[in-house]
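Each remark here refers to the structure printed beneath this line.
Below, read A as the first sequence line, B as the second, and so on, with proteins coming before strands; counting in each chain starts at 1.
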There are 2 protein chains.
Amino acid sequence: MRIALDAMGTDSRPVNDIAGGVLAANEFGDTIVLVGDEARINRELQNHQVNDGAVEILHAPADIAMDEKPTDVLKASPTSSIYIALDAVKRGEVDAFVTMGNTGAVHAIATLKTLRRIPGVKRPVLSALFPINQHRMIFLDVGANADVRAEWVPQFAIMGSIYAQRVLDCPQPRIALLSNGAEDTKGNLLIRESAELLRHSNLNFVGNVEPVELMGPVADVVVMDGFVGNIVLKMFEATAHYVATLIRQEFRNDLLSTLGGALAQPAFKRIRRQVDTSEIGGAPLLGVNGVVIIGHGQNSPIGIKNAIQQARAAVREDVIGAIRSGIARQAR
Amino acid sequence: MRIALDAMGTDSRPVNDIAGGVLAANEFGDTIVLVGDEARINRELQNHQVNDGAVEILHAPADIAMDEKPTDVLKASPTSSIYIALDAVKRGEVDAFVTMGNTGAVHAIATLKTLRRIPGVKRPVLSALFPINQHRMIFLDVGANADVRAEWVPQFAIMGSIYAQRVLDCPQPRIALLSNGAEDTKGNLLIRESAELLRHSNLNFVGNVEPVELMGPVADVVVMDGFVGNIVLKMFEATAHYVATLIRQEFRNDLLSTLGGALAQPAFKRIRRQVDTSEIGGAPLLGVNGVVIIGHGQNSPIGIKNAIQQARAAVREDVIGAIRSGIARQAR
């Protein structure tokens, strides 16, 4: 298998990207194709021990900053690592693309310029894996579509279920719809219409869930609109970080607490690992003609390796073929 | 001043409600009118020392459960404590109403049956006070309107600013719009249209904020639609609770951590107080012809007393009159 990895994705590019790619190449035995500026990649590779033939380079001279707007990106893109890598997936030169880069740019270039939509897919969708009590839930949409129509939501559920089955080892995924209360009367118009469509589908829809239920393993696939999904994820991260900061401050306030905090360090390390989404590495962009995994810009090399592992599973289990059939079946 | 307090609001009604009412009556010297079943209230009052004339009872035989739908409530309501109390505000027999009861019922009965809208107000709005680093931000809407039109949002901002100025001691409130990113290009259609209206108003609009910015004092009034607002608040509470639970579990995992956790108890108590919304007591329903403060069903007597204190300030500072003029000025 050949997997393209964006060498220019993380905030510390190309350092963490290449370290993650080398970890994966040495461990999995696949070829990792590092995409980015060849000279910079070669320089960085000198810091690593790489098995023979485990790594290749695909040159891409341009750079896409994290804060560029997708529209600007589309104009400037043909020589960026994202564009060149997605084009390589399209032309079958690599089997998948993994990046920690600009999500909006990946979504726009994949959907509009290179891979394009799987036939019948109304809108490709960004997902995130939400890590609660060692249970991985897939959330979608978390940002591709800020304004969603109810008729798109069952497709989000189909694509998320296929990914959960084939990559997340979840044989019978339970689908839930995120609302502000479990009752049918709650939610906005989009939620009520989407719930109606999900109830009358043959999907394994278990009903509406509210935020507190996300903290337990009540579902495997949680669908929502991209605006709400993006806010919910960011609220989780911001709150967890805020509470952790409060704890650190409070532990400096008196001697007993300081001592207690010092003794409790191992516990804190375990907690950080449990709320840290970067251990998971990434999540798929679903609905385009190719395997694309996108992760956080702050990802560690381990996180990047884990993202590559997801890409391998998605290729091996033919997620794209399964989505193609799933969407075709829905249309009948 | 005479303030009606729902004796049947909290999950432990009438125990905490009456304890909070008695605290307020004895401390503030106002008359607290306890609204609910007279016999139950009299029985519960025997557990308290009450200053002469500090407490009165307004009999209301019916009970509204927390899980009743607003529509059912409207049919069954005329003898409930919520209906009778709001009617007393309308007829000028009391100056304000404070309740820890069913938010949907209070909103529906106030808006459609008793107080009704202030002239020119498109939609009354539920607020919440968000407690971050000792700074109180007012969030609105947090649940009255699941589907919001952009033209309503500047009114939310006007009402929130007046409340912040007059009750929350914030002379120049900064208004922000909650989005999934600070950039103008982020957000859904409603956000982009609302931001446009806010930018072209003479309100003190400081721009869009994303969840991480809610954790610092970047704004005083944060406007959003009622569906997103409700989810954001619930996500904050659920995440803070989840992280706290993780910490408790981890502290049982090894001896050093357990010891550390025991020593750090005072720090944890301080943290709990800082993320505990019930210390604040409640937040106003704005846009109706009367002062209405609604709090959590799990409120403590101290929280209820604090909610009553907000009601007193809102009456004393004539929040209703100020909203009436503010909305009239906007319409000109």
Side-chain angles (χ1 to χ4, degrees), chain A residues 67 69-71 132-133 143 146-148 178-181 183 185-191 210-215 225-228 230-247 250-251 253-254 256-257 259-268 270-271 274-275, chain B residues 67 69-71 132-133 143 146-148 178-181 183 185-191 210-215 225-228 230-247 250-251 253-254 256-257 259-268 270-271 274-275:
Chain A
D67 51 2
K69 291 183 212 163
T71 46
I132 290 293
N133 300 319
D147 291 283
V148 163
L178 180 66
S179 184
N180 59 335
E183 309 90 328
T185 51
K186 295 259 179 160
N188 56 18
L189 194 59
L190 171 68
I191 295 296
E210 59 174 325
V212 67
E213 294 171 276
L214 299 180
M215 308 297 152
D225 78 58
F227 178 70
V228 166
N230 203 264
I231 283 199
V232 157
L233 273 193
K234 287 180 170 164
M235 198 69 197
F236 177 76
E237 289 172 355
T239 306
H241 185 261
Y242 173 69
V243 172
T245 306
L246 272 188
I247 291 173
E250 286 298 331
F251 277 177
N253 268 356
D254 62 61
L256 278 186
S257 300
L259 182 60
L263 293 175
Q265 276 309 318
F268 284 125
R270 291 192 297 266
I271 292 159
Q274 284 185 64
V275 293
Chain B
D67 52 1
K69 290 184 216 164
T71 46
I132 291 293
N133 301 320
D147 291 283
V148 162
L178 180 67
S179 184
N180 59 333
E183 309 90 328
T185 50
K186 295 260 178 160
N188 56 17
L189 195 59
L190 171 67
I191 296 296
E210 60 174 326
V212 68
E213 295 172 276
L214 299 179
M215 307 297 153
D225 78 58
F227 178 71
V228 166
N230 204 263
I231 283 199
V232 157
L233 272 191
K234 286 179 171 165
M235 199 67 197
F236 177 76
E237 288 171 355
T239 307
H241 185 262
Y242 173 69
V243 173
T245 306
L246 273 189
I247 292 172
E250 285 298 331
F251 277 176
N253 269 357
D254 62 61
L256 277 186
S257 300
L259 182 59
L263 293 175
Q265 276 308 317
F268 283 126
R270 290 192 298 263
I271 292 158
Q274 285 185 62
V275 293

- Query: Quick one: are B:Phe236 and B:Met215 in side-chain contact, heavy atoms under 4.5 Å?
  - Reply: yes
- Roughly how far, to the nearest 0.5 Å, is the CG atom of B:Asp225 from the CG atom of B:Leu178? 9.0 Å
- Item | Options B:Ala146, B:Gly143, B:Gly181, B:Gly226, ranked by heavy-atom pairs under 4.5 Å with chain A, top entry | B:Ala146
- Which bit of A:Ile191 is near chain B, if near means a heavy-atom gap under 4.5 Å: side chain, backbone, both or neither? side chain
- Task: Using non-hydrogen atoms and a 4.5 Å limit, figure out which bit of A:Val232 sits close to chain B: side chain, backbone, both or neither.
- Result: both
- Message: Could you check whether any side-chain heavy atom of B:Ile231 comes within less than 4.5 Å of a side-chain heavy atom of A:Val228, counting everything from C-beta outward?
- Response: yes
- Residues passing the side-chain contact (heavy atoms from CB on, under 4.5 Å) test with B:Glu210, sequence neighbours excluded, are A:Lys234, B:Val212, B:Glu213
- Task: Measure distances from A:Ser179 to the heavy atoms of chain B and classify the residue's part below 4.5 Å as side chain, backbone, both or neither.
- Result: both
- Taking the side chain as every heavy atom from C-beta outward, state whether A:Asp147 and A:Phe227 have any atom pair closer than 4.5 Å. no
- Query: What part of B:Leu214 is in contact with chain A, defined as an atom under 4.5 angstrom from a non-hydrogen atom: side chain, backbone, both or neither?
  - Reply: side chain
